[in-house]
Amino acid sequence: MLFYSLQELMWMVLAAIVIDWVIGDPAWRWLTHPVVWIGRLIAYLENRLYPIPVKQESESAAEARRARLRGAVLAFLTIGLSAGSIWLMVWLADQVHLWVGYAASTWFISTTIAVKGLKDAAMAVYKPLSEGRIDEAREQVGFIVGRNTSQLDEPEITRAAVETVAENIVDAFISPVCYALAGGAPLAMLYRASNTLDSMVGYKNEKYIHFGWASARWDDVMNWIPARLAGLLIVMAAWFSPGLRAGRAARSIVRFARLHPSPNSGIPESAVAGALGIELGGVNVYHGRTSERARMGWPLREREREDIRRTVGILYGVSYLVAGGLLCGLFWLYG
């Protein structure tokens, strides 16, 4: 079994962060991203474990329990196969040569991080919005949120993009880095599988309220500590960023984070809202149904498209702080 020292893990994570900054998610035809394979595995297992979804209005208690049990099996198999396959590939690479093992681990860790991908998705909304092409901006933001975007104006498009980037500071960066430092590429991919499960089946709607329960709860557990670390790092990033307010970001977490339905997502969203001096949350429309999201932050000014760029700046500021912390830690360890 592979065991890496703390120094080795720190070097690999630092290299993985740099790889993501430079390359992001490669669009090479011959290379399929591991998360794509995880998504295919989830879809395959779902079709076999849950071919006839339980209807909420007609379910019995026994049907609900069976749906939850099948959902737990889905989560267990997906997480186990994802982490196990990465462990096997890293082990095989390590048998070739130690440095081949390092390279494989570093690459796989980089695929669990998505700072550049998140920036690219946000800027794909910002660019047409800044050029007055609001229909294209609505289309682009529709790729990264689940709500209906066809009627959104600029402040609401901005809100959708800012909320997505803020929330994913945890999912796309802090959590995979934390788990990579704790257990290398296999544990980082275990986290990515957990997060992909939540994004595919972890909904509180009629179809997934029971089947997706285990995936949603497990994702909450996995993100609990990283989300709180992200809140601290966002405050620190705001302190180093001209025009942002670190103190207000910290107060916003204390005041608003608990209002969010997720035990984790409210922390980065409220921190970003406070740092920017805007209000996030409000009315969303999902498949014709109106939903009121918890409002976070103080509406000190109207939201504007530049808030998308500012939030991307916070994302990168957090990644710079983590990379800098890893470098400082390595210098201290090698003392």
Measure the shortest side-chain to side-chain distance between [X] and [Y] over non-hydrogen atoms and say whether it is less than 4.5 angstrom.
| X | Y | answer |
| --- | --- | --- |
| E302 | P155 | yes |
| R68 | F211 | no |
| I174 | C178 | yes |
| F331 | C328 | no |
| Y4 | V90 | yes |
| L74 | R70 | no |
| V36 | H33 | yes |
| T311 | I308 | no |

Legend entry - Distance-only polar pair, side chains of Q7 and Y334, donor-acceptor under 3.5 Å: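 Distance-only check fails for Q7 and Y334.
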Legend entry - Flag for S175-N223: side-chain donor and acceptor within less than 3.5 Å: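 There is such a pair between these side chains.
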Has the side chain of [X] got a donor or acceptor atom that lies under 3.5 Å from a matching backbone atom of [Y]?
| X | Y | value |
| --- | --- | --- |
| S105 | Y102 | no |
| S241 | L244 | no |
| N47 | A43 | yes |

Give a yes or no on whether [X] and [Y] share a hydrophobic cluster (residues Ile, Leu, Val, Met, Phe, Trp, Tyr; joining criterion: side-chain heavy atoms under 4.5 Å apart).
| X | Y | result |
| --- | --- | --- |
| M222 | V35 | no |
| I17 | L181 | yes |
| L229 | L327 | yes |
| V165 | V235 | no |
| L276 | L300 | no |

Inset, instruction - Hey, could you give me the OG1/CD1 distance between T78 and I38, rounded to the nearest 0.5 Å? - result: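 Answer for the OG1-CD1 pair, T78 versus I38, is 8.5 Å.
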Inset, instruction - First locate atom CZ of R248, then atom OG of S270, and finally report the distance between them rounded to the nearest 0.5 Å. - result: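 Taking CZ in R248 and OG in S270, the distance rounds to 13.0 Å.
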Partners of [X] by ring pair (Phe, Tyr, Trp, His ring centres under 6.0 Å), sequence neighbours excluded?
| X | result |
| --- | --- |
| F173 | none |
| Y179 | Y191 |
| Y203 | none |

Legend entry - V221 and W224: CA distance, side-chain angles, deciding distance, side-chain contact (heavy atoms from CB on, under 4.5 Å) verdict: CA-CA 5 Å; V221 171; W224 200 89; 5.9 Å; no
Legend entry - More than 12 heavy atoms from other groups under 6.0 Å of CG on L92: yes
Legend entry - W37 atom CH2: more than 12 heavy-atom contacts under 6.0 Å: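 No, because the 6.0 Å sphere around CH2 of W37 holds 12 heavy atoms or fewer from other groups.
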Inset, instruction - Decide side-chain contact (heavy atoms from CB on, under 4.5 Å) for M89 and F108; before the verdict, give the C-alpha distance in whole Å, the side-chain angles of both, and the deciding distance to 0.1 Å. - result: CA-CA 10 Å; M89 284 186 276; F108 283 126; 4.0 Å; yes
Legend entry - Pairs flagged by ring pair (Phe, Tyr, Trp, His ring centres under 6.0 Å) wherever residues 248-275 is involved - sequence neighbours left out: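 As it turns out, the ring pair (Phe, Tyr, Trp, His ring centres under 6.0 Å) pairs with a partner in residues 248-275, which skip direct neighbours, are F256-W298.
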Inset, instruction - Return each pair, listed once, that meets ring pair (Phe, Tyr, Trp, His ring centres under 6.0 Å) where at least one residue sits in residues 130-166; pairs must be two or more places apart or across chains. - result: none
Inset, instruction - Determine, for R303 against E154, whether the closest basic-nitrogen to carboxylate-oxygen distance falls under 4.0 angstrom. - result: no
Legend entry - Note: D153-R159 ion pair, threshold 4.0 Å (strictly below): no
Inset, instruction - Mind jotting down which residue pairs meet the side-chain hydrogen bond (donor to acceptor under 3.5 Å, both in side chains) criterion with at least one end in residues 137-148? Sequence neighbours excluded, please. - result: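 Every side-chain hydrogen bond (donor to acceptor under 3.5 Å, both in side chains) pair that includes a residue of residues 137-148, provided the two are not neighbours, is D135-R138, R147-E163, R147-N284, N148-S150.
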Legend entry - CA sep, side-chain torsions, deciding dist, call: Y126, E131, side chain to side chain donor-acceptor pair (under 3.5 Å): CA-CA 9 Å; Y126 171 82; E131 296 172 355; over 6 Å; no
Inset, instruction - For residues F240 and Y320, establish whether the separation of their ring centroids is below 6.0 Å. - result: no
Legend entry - Working for side-chain contact (heavy atoms from CB on, under 4.5 Å), residues T111 and M189: CA-CA 9 Å; T111 66; M189 199 61 68; 3.5 Å; yes
Inset, instruction - Please report the C-alpha distance between E304 and R310 in whole Å, then the side-chain angles of each, then the deciding distance to 0.1 Å, and finally whether the salt bridge (charged side-chain N to carboxylate O under 4.0 Å, His left out) criterion is met. - result: CA-CA 10 Å; E304 59 185 17; R310 295 179 185 118; 2.9 Å; yes
